Structures are given as structure tokens and as C-alpha cells.
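Model, not experiment: these values are computed from the prediction.
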Amino acid sequence: DVYKRQELNQIAPDTPVFLLHLYDRALLNRAALRVVGYTKDTPNPPGGEIQRDSNGDPTGMLIARPNAMILYSTLSKGPTLPLDYQVNSTRQFMRELNRLGLTSAIDAGGGYQNYPDDYQVIQQLADNDQLTVRIAYNLFTQKPKEELADFQQWTKTVTYGQGTDYLRHNGAGEMLAFSAADFEDFLEPRPDLPPNMEADLEPVVRHLVEHRWPFRLHATYD
């Protein structure tokens, strides 16, 4: 890990770099640590660990112990590219996927990706017939304790299946209720879900079924 960090700092001394390994850890260079503001005085967030050296300074390694929220939240603190740069980088990314033979994907949502604001780039590419990967996207709630409100709003504004063969709405999920989500990291023991899980999940599922929306639920253990 020390050599990897040194290499990152040499390659990109001033450009923030965030390297994600599965959903169990991420490696940041010094520039990224500066941007997100992690210092010796930064406490570990709930459910995550900022690895530190013998002096207590962050090394650049973030560990999802026991869940990946530290990875999502850190990535969201990074600099935002201008819209035209985002469009260009997304086209380059899709071209690389095409080079590897990938022509379609399901987007199961993700942390800190809010609909519709964070879907602006992909929608623009779809409107301009510039998507080269077919995408079916699910809407992923972002608000603990307000999950039902998210889906109530979305079922008013989004019709299941709306779109084209290149960008189509695919239902709800993977996150339906935060209390009903388990971890992504199999190195951690299976979590005990809180007693309020069923009470949180049932009204969301009932609402989705009443509106004829399919849904997917992130469940990796049991």
C-alpha cells in the first residue's frame, strides 16, 4: 500500500485521485486528501475507517468497515467537472466499455446519486443519440428515514419503462429503505438488521406495488 500511494503521488501530485477496490476500500493520493479535507483531526465517520500512520495522519486508505458509506460520501466531496467535461468523459468511458465488448448495463443506483440532478449528463447524451451503451436505470433513495417520500415523489414524475431502447427507467432500488440494507464487504460479519426494518420497508414496497413499479433490493447475505 505504501508503494501504491507513493506511485499515485508521483504520477498525480496536484490532481485528486480516488481508486475504488470493490466496495471494501479506496485509495486516495495526497491531493485528494487535501480536497476532501481529511486530516489528523478528522474523526472516523460511522461505519467507516480512515486509516492512519504512526503519527495519526491519514495514509490515503479508506476502509469500509463495516459498510461502504465512507466510500460514497468521500467521492461526493470531490471536485465537480464542468458539464461539457462530464459529457466528454462519459463518452470516453462508454467507448472503453464498448472496446471490451460491453453494450448494455443495468444501473442499480448508488450512494449520493440524486435523481434527476445527477442524471443530467446521461440524459443529455441520450437526447443527442450519443449513448453507445444501453442503460436501464433504477431509482435509489438517498434519504434515510425519508425513503417513502422519495418514491412518492418519483412515482408522480416518472413512469415505469419510460425512455428509449438506449435509456429506460427500470423501477426502484437497490436501496428501498436504509434499515433494510446489509454490507457489501464479505470480510465483515453478517449484520443484524434493526428491529424497525420491516416497518420501514413495508410501506415503501406497498407503494411501489400499488404503482406497478418493479423493484430490486440489495441483499448480499441473508
Taking all non-hydrogen atoms of both residues, which atom of [X] and which atom of [Y] are closest, and how far apart?
X	Y	answer
Gln120	Leu83	NE2-CD2, 3.7 Å
Asp53	Thr59	N-CG2, 3.5 Å
Ser179	Pro194	O-CD, 3.3 Å
Arg95	Thr132	N-OG1, 4.3 Å
Ser73	Tyr112	CB-OH, 3.4 Å
Asp107	Gly109	OD1-N, 2.9 Å

Side chain [X], main chain [Y], donor-acceptor under 3.5 Å:
X	Y	result
Asn128	Gln130	no
Lys40	Asn55	yes
Asn9	Arg30	yes
Thr74	Leu71	no
Asp118	Asn114	yes
Thr15	Ala12	no
Asp182	Arg190	no
Asn29	Val17	yes
Gln6	Lys4	no
Gln142	Gln113	yes

Cluster check [X], [Y]: I/L/V/M/F/W/Y, side chain < 4.5 angstrom:
X	Y	result
Leu139	Met175	no
Leu20	Leu97	no
Val204	Tyr115	yes
Met69	Leu62	no
Val35	Met61	no

In chain order, what residues pass the salt bridge (charged side-chain N to carboxylate O under 4.0 Å, His left out) check against Glu202, with sequence neighbours excluded?
->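 Per chain and number, Glu202 pairs via salt bridge (charged side-chain N to carboxylate O under 4.0 Å, His left out) with Arg206.
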Pro58: side chain to side chain contact (heavy atoms under 4.5 Å, CB included) partners, not counting sequence neighbours =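 Counting only residues at least two positions away or on another chain, Pro58 forms a side chain to side chain contact (heavy atoms under 4.5 Å, CB included) with Leu33, Tyr38, Ile50, Arg52.
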Can you tell me how far apart [atom1] ([X]) and [atom2] ([Y]) are? Round to the nearest 0.5 Å.
X	Y	atom1	atom2	result
Gln152	Thr157	CD	OG1	12.0 Å
Gln86	Asp84	CD	CG	9.0 Å
His169	Gln162	NE2	CD	7.0 Å

Does the side chain of [Y] come within less than 4.5 Å of [X]'s, by heavy atoms?
X	Y	value
Ile106	Arg216	yes
Arg212	Tyr160	no
Gln51	Ile63	yes
Thr141	Leu176	no

Can you list the steps and then say if Asp127 with Gln123 is a side-chain contact (heavy atoms from CB on, under 4.5 Å)?
-> CA-CA 6 Å; Asp127 293 343; Gln123 188 63 58; 3.0 Å; yes
Parallel, tilted or perpendicular, as decided by the 30° and 60° cut-offs, for the rings of Phe151 and Trp154 |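 Correct class here is perpendicular.
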Not counting sequence neighbours, list each pair that qualifies as a salt bridge (charged side-chain N to carboxylate O under 4.0 Å, His left out) and has a residue in residues 154-176.
->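 Listed by first then second residue: Asp165-Arg168.
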Does any donor atom in the side chain of Asn138 or Asn170 lie under 3.5 Å from an acceptor atom in the other side chain?
-> yes
For [X], give me all partners under side chain to side chain donor-acceptor pair (under 3.5 Å), at least two apart in sequence or on another chain.
X	result
Tyr72	Glu184
Tyr166	none
Asn67	none

Would you please test Glu147 and Phe178 for side-chain contact (heavy atoms from CB on, under 4.5 Å) and show each step?
-> CA-CA 8 Å; Glu147 298 96 335; Phe178 276 77; 3.4 Å; yes
Of the options Arg99, Gln92, Met94, which is the one that meets Glu96 in a side chain to side chain contact (heavy atoms under 4.5 Å, CB included)?
->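 The residue from Arg99, Gln92, Met94 that satisfies side chain to side chain contact (heavy atoms under 4.5 Å, CB included) with Glu96 turns out to be Arg99.
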Where do Val133 and Asn98 land on the side-chain contact (heavy atoms from CB on, under 4.5 Å) test, with the steps shown first?
-> CA-CA 7 Å; Val133 175; Asn98 296 154; 3.6 Å; yes
Determine whether more than 12 heavy atoms belonging to other residues, nucleotides or ligands lie under 6.0 Å from atom CD of Glu198.
->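 Open: at most 12 neighbouring heavy atoms sit under 6.0 Å from CD of Glu198.
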Might you work through the side-chain contact (heavy atoms from CB on, under 4.5 Å) test for Asn88 and Leu81, ending with a clear yes or no?
-> CA-CA 10 Å; Asn88 179 61; Leu81 292 172; over 6 Å; no
Test side-chain hydrogen bond (donor to acceptor under 3.5 Å, both in side chains) applied to Thr155 and His207, step by step = CA-CA 9 Å; Thr155 51; His207 179 79; 2.9 Å; yes
